[in-house]
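Before any comments, here is the structure.
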Amino acid sequence: MKLVICEKPSVAKAVASALNVTSRADGCFEGNGLIVSWCVGHLVSPMDAAGYDPGYKKWRYDDLPILPDVIPLKVLPKTRSQFRRVQALMRSRDCERLVCATDAGREGELIFRYLYQQAGCDKPFDRLWISSMTDEAIREGFDSLQPGSAYDRLYQSARCRSEADWLVGMNASRAFTLRYGALLSVGRVQTPTLAILVKRRHEIEAFQPRDYWGVIADFGDYTGQWLNEETGERRVYDQAQARDIARRTRDKPATVEAVTRERKVERPPLLYDLTSLQRDANRLLGFTAKKTLSCAQKLYETHKLLTYPRTDSRFLPRDMRAKATAALRALPHAYDALCAALPAEGLLPLLPRVFDNQKVTDHHAIVPTGRKADLSALPPDEAALFDLVVRRFLAAFYPDYRYDAVRVITRCEGEAFESLGREIVQAGWKVTEREPKVSTRSHAGAPEKALPPLAQGDRRQTAGVSVKAEKTRPPAPMTDASLLAAMEHAGREIEDETLRESMKDSGLGTPATRAAIIERLFQVGYARRKGRAIEATDKGVLLLSVVPAQIASPETTGRWEKALSAIAAGAGDPARFLEGIRRLAAFLVESAQNAPQDVVFAQEERRKKGRAPRKAASLSLACPVCGQGRVLENSKAFYCSRWREGCGFTLWKNCLVRAGGPELTPPLVERAFREGRLQGSTGVIVRQGASLRFEAAVPGKG
């Protein structure tokens, strides 16, 4: 009998139904020569350091770096009962062979392999690899099972990723937390992602707005914006100059001096992978990356309307041509008008931008499965996401969008006014697009509408000339869409679609993990949302100021992700990769010990889950620097309550120790600042402005 192990109960139910396994038992389905059971996500994970060595329970510098030869595994307490059920089934005499039916990706492979190892199982197993949860796809997958060993390289990549995150996170987080007396989470992918947000925050804060004026002439049936013909600049940075241009050209004759047309072609967009779907769902629907993944997963698992969503491919294999055609024919009637423009009979064309075996990775692009959808029965968010995927699927088979970009120069009183327009030649795939539900920031100077028929020599009279005051804008804050784009390309926002594809292996994280990485930044207090914007918090900025560039660089981490992809492809060495990570972990511990002392994090208490953090202790003392804040205390220093507003007062508790003085306490600090001088048995504490110094007593003098 075969034991089939799925990743979730819902998947196990779908697999059992497709294979006619109808009898329900404790923690499994039985019948038709099969047992179908399930995990609940991860049942097993790497053990915390304190789990295998109680000496590590207390965080100490002397124990770092922690670099075990083998990282032990543990059964997660919350799902221990299900682990025991699955372990018993694996060890049962009735079980002769296993089928790994966890999600067909790196993380799914790791879930099964860790379970297999921790359960002490050595029975042979096969791998189910499917991209759709329809009954037909499940049965086809079971007809073409592969030996589990065929996915050993994928497992090695997954194990290396897991152990690298453990080694870096365990050592760096402990080291920097001990250094600053505040809970600081440092991660191999999390920290460089934070670096992207911090960089953007610095760019916005450093931006100095500049006033400028636009001069717009109304020629009756079209308008033009003043143009500096030498520089190509449309802005006037001198208000008097702008008003002078308007005064001289108002109610004056004008002549069309030049009309140019340039034919532009926009190819249909590529099909969706998860990251591009998350970006569009954020831009068009206002969804977060996490929400998009959740909706896509439900459309895949529960409704069986979309193929596997956690993919990084935007192409289909050539042998999917018939299935893609069937999916087109099965679309709901709501898409009949859009489908009418495509071939009504025969197979869809084998377009290279859609079907390309060389560009399909572990999974193909996200497309409809061919199951008939009842849009009215779907929750609104899932219906909206399904609509995005369907429209992108249809767009891929539409013709190019073609238009003429029209540029007109109109001369008035010697001044040039530029008008930009767009004349659509072929609407093509643009008719499949949906309008955004949320506002988007428009590009300055983008042509928005057609111009009237104009020819060189045409004459007009200015009906009016206006001067519009503007300010230069800072860089736009990050959103889910722009942060995902930067993560996908290791910190570089790349517009060119072809170049983006070539760099996908060098991104931060994977499509399956990026949403969780972003959410993690919120959980640890390094980032926050303001509407649709995502920005680094003060805590995140401070962390980036003390960690070394090696852990904060998106490009460096992107190269590690590329190395993991190489391991999965059989072209990388797992041992060499992990040795590099071990050296990094040791380097980070050393960096923490040498990190600057003059950085103070607001105190946070390591606490049990559910317990509220203790507030920073407040002294009955006004800040000696700004005079407005109160002096607060954390485990390492005294600081101003207005540190977020920029007050830099910091007084380290051990600042007098080297001179032979005492460790500072709240009573000592309060008295020293109020009285200016404190005499003790070993010497004198003297106030010097916003700091204190210690004068040791000279023996024999009193």
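Just the heavy atoms: all of them, side chains too, but no hydrogens, waters or symmetry mates, feed the values below. Note that the structure is predicted; figures quoted are calculated from it, not measured.
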Go through it in stages, so that I can follow the logic: the residues are T311 and Y272, the test is side chain to side chain contact (heavy atoms under 4.5 Å, CB included), and I'd like the CA-CA distance, side-chain angles, deciding distance and then a yes or no. CA-CA 9 Å; T311 177; Y272 280 130; over 6 Å; no
With salt bridge (Lys or Arg N to Asp or Glu O under 4.0 Å) as the test, would you mind laying out the steps for K323 and E140 before giving the verdict? CA-CA 13 Å; K323 287 185 177 179; E140 286 181 0; 2.9 Å; yes
Begin with the C-alpha distance, continue with both residues' side-chain angles, and end with the deciding distance and a verdict on side chain to side chain contact (heavy atoms under 4.5 Å, CB included) for D538 and R201. CA-CA 10 Å; D538 294 334; R201 173 169 162 171; 2.6 Å; yes
Check the pair I366, Y300 against side chain to side chain contact (heavy atoms under 4.5 Å, CB included), reporting the backbone distance first and the verdict last. CA-CA 10 Å; I366 305 170; Y300 164 66; over 6 Å; no
E561 vs R188, salt bridge (Lys or Arg N to Asp or Glu O under 4.0 Å): CA-CA, chis, key distance, verdict: CA-CA 10 Å; E561 204 66 48; R188 183 184 62 88; 3.7 Å; yes
List the steps, then state whether side chain to side chain contact (heavy atoms under 4.5 Å, CB included) holds for R314 with K359. CA-CA 8 Å; R314 304 186 69 177; K359 295 179 180 177; over 6 Å; no
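Two residues are said to be in side-chain contact when any heavy atoms from C-beta on lie closer than 4.5 Å; T510 and D312 fail this criterion. R392 places none of its side-chain heavy atoms less than 4.5 Å from the side chain of L388. Annotation: side chain of L454 is in contact with side chain of P452 (closest heavy-atom distance under 4.5 Å). Annotation: side chain of L197 is not in contact with side chain of E535 (no heavy-atom distance under 4.5 Å). You'll find the side chain of I196 reaches within 4.5 Å of the side chain of L508, heavy atoms only. Between R243 and R247 there is no side-chain heavy-atom pair separated by less than 4.5 Å. At least one side-chain heavy atom of R200 sits less than 4.5 Å from a side-chain heavy atom of P475.
Remark: the backbone N or O of S553 is paired with a side-chain donor or acceptor of T557 at under 3.5 angstrom. The backbone N or O of R267 lies less than 3.5 Å from no partner atom in the side chain of D400, so there is not a single donor-acceptor pair.
Under a cut-off of 6.0 angstrom, the local environment of NZ in K468 is sparse, with at most 12 non-hydrogen atoms contributed by other residues, nucleotides or ligands. Surrounding NZ of K304 are more than 12 heavy atoms belonging to other residues, nucleotides or ligands, all under 6.0 Å away. Atom NZ of K372 is surrounded by more than 12 heavy atoms from other residues, nucleotides or ligands within 6.0 Å. Heavy atoms of other residues, nucleotides or ligands lying less than 6.0 angstrom from NZ of K290 number 12 at most. Sparse packing is recorded around CZ of R318, with 12 or fewer heavy atoms of other residues, nucleotides or ligands lying under 6.0 Å away.
A distance of 12.0 Å separates CD in E266 from CD in Q426, rounded to the nearest 0.5 Å. Once rounded to the nearest 0.5 Å, the distance linking CG of N282 with OG1 of T288 reads 8.0 Å. The line from CE of M478 to CD1 of I518 is 10.0 Å long, rounded to the nearest 0.5 Å. To the nearest 0.5 Å, atoms CG (L305) and CD (E382) are separated by 9.5 Å. L483 contributes atom CG, which lies 10.5 Å from atom CD of Q278 (distance to the nearest 0.5 angstrom). Once rounded to the nearest 0.5 Å, the distance linking CG of L277 with CG of L284 reads 10.0 Å.
Under the 3.5 Å distance criterion, with hydrogens and angles disregarded, no donor-acceptor pair is assigned to the side chains of T249 and E415. Between the side chains of T275 and R514, at least one donor N or O lies within less than 3.5 Å of an accepting N or O.
Across P477 and A533, no two heavy atoms sit closer than the pair CB-CB, 3.7 Å. Among all heavy-atom pairs drawn from T479 and S482, the shortest one is N-OG, 2.8 Å. Counting all heavy atoms, side chain and backbone alike, L385 lies closest to A281 at CD1-CB, 3.9 Å. In this structure, K539 and V524 approach most closely via the heavy-atom pair NZ-O, 3.2 Å. Minimum interatomic distance between F397 and L348 (heavy atoms only, all atoms of both residues): CZ-CD1, 3.6 Å. Listed here is the closest heavy atom pair of S419 and G224: OG-CA, 3.4 Å.
Here K264 pairs with E262 under the salt bridge (charged side-chain N to carboxylate O under 4.0 Å, His left out) rule; sequence neighbours left out.
Using a cut-off of 4.0 Å between Lys/Arg side-chain N and Asp/Glu carboxylate O, E413 and R250 are scored as not salt-bridged. The existence of a salt bridge linking R529 and D480 is confirmed by a sub-4.0 Å separation between a basic side-chain nitrogen and an acidic carboxylate oxygen. By the 4.0 Å N-to-carboxylate-O rule, R391 lies too far from E433 to be salt-bridged with it. Between E423 and R261, at least one side-chain N (NZ, or NE/NH1/NH2) sits under 4.0 Å from a carboxylate O, which counts as a salt bridge.
At least one test fails for R460 against the ring of F219: distance under 6.0 Å to the centre or angle within 45° of the axis. In this structure, R210 is positioned above the aromatic face of Y237, its NZ or CZ under 6.0 Å from the six-membered ring centre and within 45° of the axis.
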